[in-house]
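Beneath this line is the structure, given in structure tokens, with notes to follow.
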Amino acid sequence: MAAMMRRPEPDRTNVALLRPLLHTGQGFYFFAVALLIPAAWFVYAWYLQLIRGLGLTSMRTPVGAPWGAYIANFVFFVGLAHGGIAIAAAIRLLNLTKYTPVARIGEVLTIISLMMAGVSITIDMGRPDRIFNIIIYWPQRVGTSSLSWDVTVIIIYFTLSTLYLWLTMRKDLVLCAKRFPKLSWFYKILLIGYKPDEEHKIERMAWWLSIAIVFLIVMLSGGVVPWIFGLLPSQPGWFSALAGPYFLTAAIGSAIAAVIVVSGVLRKLFNWQEYIKPEIFKGLGTFLGIITLFYIYLILAEQLTMRYAAPLSEFLISEKLFQGEFAPIFWPMLLLGFFTPAIILVSQAIHPQWFGVTRTILASGAIVVAFWVKRFLIVVPSLLRPLLPFPEGSYSPSWVEWSIVAGIIASAILLYTLFLKVFPIVELGEE
Amino acid sequence: MQRQNKKLTRRQFVTGSVGAMGLLAILSSPFIAVLNRARAATGTAPITEGKKPTRAWCMVIDLKKCEGCVTIGVPPQCTQACIAGHFVPQGQQWIQVYEVESPGGGTFFMPTPCYQCDNAPCVNVCPVAATYHNKEGIVLIDHRRCIGCRLCMAACPYQRRFFNWGTPKLPPEAAFAEYSPFYPVPAVKGTVIKCMFCAHMLEAGKLPLCVTGCPMKALYMGDLNEDIASNGAEVVKLSKFLDENDAFRYKEGLGTQPRVWYLPGHGQAFGRKPDDHREFKTPTWTWGDSGFNHHPGIWPWGEDF
Ligand code: SF4
Ligand code: SF4
Ligand code: SF4
């Protein structure tokens, strides 16, 4: 079986897979400029915010929300960061060779998302100039501060996933160095310490790394990030033992959806139909459909508990979502963003004739958007409605916040594009 | 072959144990948290062996005497005294007076400073120890260290923390103040600020500004160690005073162990009835225009820019 999958003509394959590196057309420049504009606008908005203070956002205290779109964006990107590496680690540990072509697509997504998560949280800080205080006072605070745990795990996670990507890419870098003599100095730097017989060792290291990463995924998305919220008894709607599983499911769901979208786009763009096979979309899509259904069940469990809860504030927050100010985004998110795509994906699995790659990609796209909205709906309503009977505020992001969020997303896509131009995104064959 | 096998296992062992140790360290960090919390929860006032007794500051607020300053027709004078004395940025009320509806109908007034919780959620979550307990049990903020993450604001169940959303407009005198966590003036942009029990006054042996500012003498500053409290007009034995007046702490069930006690009432000491309809006046500022400038305009080149 595996032998049949192996591509028969390695050279033709490699030429096809190196297409983004070999040809740079007009389209690329248009695309890059189209992304550079929001990215530059984001830098400008951030500059304004640094000069004038966080007051330019719509966050307010004491009446209003001390956190908003930036934190939602942070949680979203941390969630996205799980897909790629999770898929890559699963492929390695469970021997799912079928999915190998999308492994690196996901790994790169992980690394870029983590960077963007870091940017989001830095922008949210009142004093980004003091960010290293977290490291300086880490030993003192790691005991009780969930934010210190967060920084720890994110740094470890970033290091390990970058290491993983680098290790598993070395084989392809050798080929690249051969093929692109102009850039070979660059590849040679990355290939430091290369020995032709290193493959076996790298395999073992990658295997161990996979194990560590799988643990870290649970720690990060099923642990420290939800614990920022879940350990605050003062915030109804956050304080819950469900927070861990809830966030973990969301992270894996959004990440897989994003991997499907990115793979789908690349497949269309570079005519990789032959290499990224429909079965990959089918498998991932089915998994995503199940995860999304499970997430809907978690939403149900959460909301039901809140509506029956003794503290009135819990009920009032649930009410805000069901028929209050957030209802106009909550219901579309639930029905169009989660329910419909999940039904599409699952019915495709049950009824193979209904399967379509484009349909899978569109459904996944809807799920990615819905997960951003969901993060927003986790962060904001709880902050607006305090535990105790204090006055309630309102929050809708200002243009500065929207510019920065849009700019961060644009920068993420831009970084991804640049990666495509320099490194092979699908594992190359032998040469 | 044999040797090679052995080598491999040893390496596996080393990698495995290092990995396991790292993992254990990460996994155990929450448990350290549990231990720390437990310690904070059981510890009451610090016991000292030195000659000079350590203070354990606390506040008693007599709601029988607090009538929101409506009977004299002014904004709450505790809040005003605090604002004037600390150049409080416009919009922040470090001690805020709420008009609360009684379950049995009518209203009463409730001044709320920071409760200086013994088991303070805000101290627990701060990633840089910018919020900390001093020896005398006061929760202080070091604005030179705070990174402005606002996790503590989400953690404080009483909403007693405020954020400086920009550089506040303050009267020029404020610039001459010498900053210390005891006297956080002038307010620092991008950091969290709150009531600090007037630590600067206590250190000088004086009563907090809100205590002296209250015309009804409803606020008492006390010392749990010496078992004494004063509102500036009388000195009472703290434990007896609390006991005889059915003192309670706000939302005791949250487990934060506040250092502020309330004596139930609705201003009856001054003849206020619960259904008194005289209007409560909100505090005023002589500086700061409309608070922090939140208006870049629709676009950066809009009118405000
Ligand atoms: S009242 Fe709030 S800010 Fe004050 S010590 Fe307690 S938790 Fe901290
Ligand atoms: S905002 Fe400042 S005081 Fe509050 S938790 Fe963050 S660093 Fe600590
Ligand atoms: S104790 Fe001082 S800082 Fe606190 S509310 Fe009273 S006057 Fe303000």
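Lettering follows sequence order; numbering is per chain, from 1.
Of the listed residues (A:Val63, A:Ile134, A:Asn133), the one with the most heavy-atom contacts under 4.5 Å to chain B is A:Asn133. Among B:Gly166, B:Gly91, B:Pro157, the residue making the largest number of heavy-atom pairs under 4.5 Å with chain A is B:Pro157. Of the listed residues B:Cys149, B:Cys156, B:Ala130, B:Ala154, the one with more heavy-atom pairs under 4.5 angstrom with chain A than any other is B:Ala154. When each of A:Gly126, A:Ser398, A:Gly53, A:Ala45 is checked for heavy-atom pairs under 4.5 Å with chain B, A:Gly126 comes out on top. Interface remark: of the candidates B:Ile147, B:Asn164, B:Val125, B:Thr112, B:Ile147 forms the most heavy-atom pairs closer than 4.5 Å to chain A.
The part of B:Tyr250 that comes within reach of chain A is its side chain, from C-beta onward, which places non-hydrogen atoms under 4.5 angstrom from that chain. Only the side chain of B:Tyr98 comes within contact range of chain A, with heavy atoms under 4.5 Å apart. Neither the backbone nor the side chain of A:Ile211 comes within less than 4.5 Å of any heavy atom of chain B. Proximity to chain B (any heavy atom under 4.5 Å) is shown, for A:Leu209, by neither the backbone nor the side chain. Using a 4.5 Å cut-off between heavy atoms, B:Val123 touches chain A through its backbone atoms (N, CA, C, O) alone. For B:Lys189, the parts lying near chain A are the backbone and the side chain together; criterion is any non-hydrogen pair under 4.5 Å.
Atom CE in B:Met153 sits 10.5 Å away from atom CD in A:Gln235 (nearest 0.5 Å). B:Asn124 CG to A:Arg141 CZ: the interatomic distance, rounded to the nearest 0.5 Å, is 7.0 Å. Taking CG of A:Leu383 as the start and CZ of B:Arg150 as the end, the distance is 10.0 Å to the nearest 0.5 Å. Atom-to-atom distance recorded for B:Phe292:CZ and A:Arg60:CZ is 10.5 Å, nearest 0.5 angstrom. For the atom pair A:Leu232 CG and B:Cys122 SG, the distance stands at 11.5 Å (nearest 0.5 Å). Atoms OG and CG, from A:Ser234 and B:Leu254 in turn, are 8.5 Å apart once rounded to the nearest 0.5 Å.
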A:Arg127 vs B:Thr191, test: side-chain contact (heavy atoms from CB on, under 4.5 Å). Steps then yes/no. CA-CA 7 Å; A:Arg127 300 301 301 224; B:Thr191 59; 4.0 Å; yes

Would you please test A:Met59 and B:Phe163 for side-chain contact (heavy atoms from CB on, under 4.5 Å) and show each step? CA-CA 10 Å; A:Met59 296 185 272; B:Phe163 191 67; over 6 Å; no

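A donor and an acceptor atom, one from each side chain of B:Trp165 and A:Thr61, are located under 3.5 Å apart.
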